[in-house]
Amino acid sequence: MSGNILGVKEIRAILPQRYPMLMLDRAVLESENRATAVKNLSMNELFFQGHFPNHPIMPGVLQVEAMKQLTELLARPVLDPEGKFDVYMRVVEKVKFR
């Protein structure tokens with residue numbers, strides 16, 4: 001798994017989310033408990049239109065969804081390697097948006 005780079009095609013094969021709720025465009029699975037991801041954004045994203053006009057900020061709930069999706073990329077091979085079940089995040093604590 002170390003250094004495994006996933007593009008959107010590989011991510012879509014693992015995660016059930018689709019546009020507009022797929023929050024990852026690329027992911028690097030660095031180890032079994034560490035990963036980094038990228039989401040490419042443009043000013044045309046619908047949430048930018050009304051969320052702090054003239055000062056666009058990606059809503060926190062979408063940032064948390066991106067974290068959940070990245071975590072699922074790490075957890076699914078261990079928890080549900082055959083992809084038969086849903087994977088949920090039960091609790092999020094101490095998330096800070098700066």
Side-chain angles (χ1 to χ4, degrees):
M1 176 183 291
S2 181
N4 193 8
I5 300 173
L6 305 177
V8 72
K9 184 177 178 181
E10 293 86 5
I11 293 169
R12 286 176 54 137
I14 298 168
L15 299 179
Q17 291 86 355
R18 295 294 180 260
Y19 177 84
M21 287 308 297
L22 183 60
M23 294 287 118
L24 307 177
D25 291 318
R26 185 175 358 162
V28 179
L29 308 180
E30 300 169 27
S31 69
E32 63 185 29
N33 58 8
R34 182 175 175 86
T36 305
V38 172
K39 170 67 176 166
N40 297 312
L41 298 171
S42 77
M43 289 305 297
N44 294 324
E45 305 287 343
L46 288 176
F47 53 80
F48 283 146
Q49 306 307 312
H51 195 256
F52 297 99
N54 300 318
H55 185 70
I57 297 173
M58 186 173 179
V61 69
L62 296 180
Q63 293 178 43
V64 171
E65 176 63 22
M67 288 186 270
K68 182 266 183 199
Q69 290 177 19
L70 183 57
T71 302
E72 185 173 347
L73 288 177
L74 285 174
R76 187 169 287 281
V78 175
L79 299 176
D80 183 28
E82 296 177 11
K84 293 182 178 181
F85 303 102
D86 293 332
V87 175
Y88 296 99
M89 183 185 309
R90 190 173 70 89
V91 175
V92 178
E93 296 179 343
K94 299 181 182 179
V95 175
K96 293 182 181 182
F97 300 98
R98 301 172 195 247

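The structure displayed is predicted, hence computed values, not measured ones.
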Rounded to the nearest 0.5 Å, the CG atom of Leu29 sits from the CG atom of Leu6 at a distance of 4.5 Å
Would you name the heavy atoms of Pro77 and Glu72 that are closest together and state the gap between them? CD-O, 4.3 Å
Minimal non-hydrogen separation, Ala27 against Ile11, with atom names: N-CD1, 4.0 Å
State which residue, out of Lys68, Gln63, Gln69, fulfils the side chain to side chain donor-acceptor pair (under 3.5 Å) condition with Glu65. Gln69
Quick check: are there more than 12 heavy atoms from other residues, nucleotides or ligands sitting under 6.0 Å from CZ of Arg34? no
Could you state the interatomic distance from CD1 (Ile14) to CD (Glu10), rounded to the nearest 0.5 Å? 8.0 Å
Heavy-atom count around Leu79 CG within 6.0 Å, excluding the residue itself: above 12? yes
Check each of Phe47, Phe52, Phe97 against Met58 using the side chain to side chain contact (heavy atoms under 4.5 Å, CB included) test, and report the only one that passes. Phe47
Should we count CZ of Arg76 as having more than 12 external heavy atoms under 6.0 Å? yes
Does the Gln49 side chain pair with the main chain of Met43, one donor and one acceptor, at a distance under 3.5 Å? yes
Closest heavy-atom pair and its distance - Leu24, Val8: O-CG2, 4.2 Å
Linking I/L/V/M/F/W/Y whenever any side-chain heavy atoms sit under 4.5 Å apart, do Leu70 and Leu22 land together? yes
Is there a donor-acceptor contact under 3.5 Å from the side chain of Arg26 to the main chain of Asn40? no
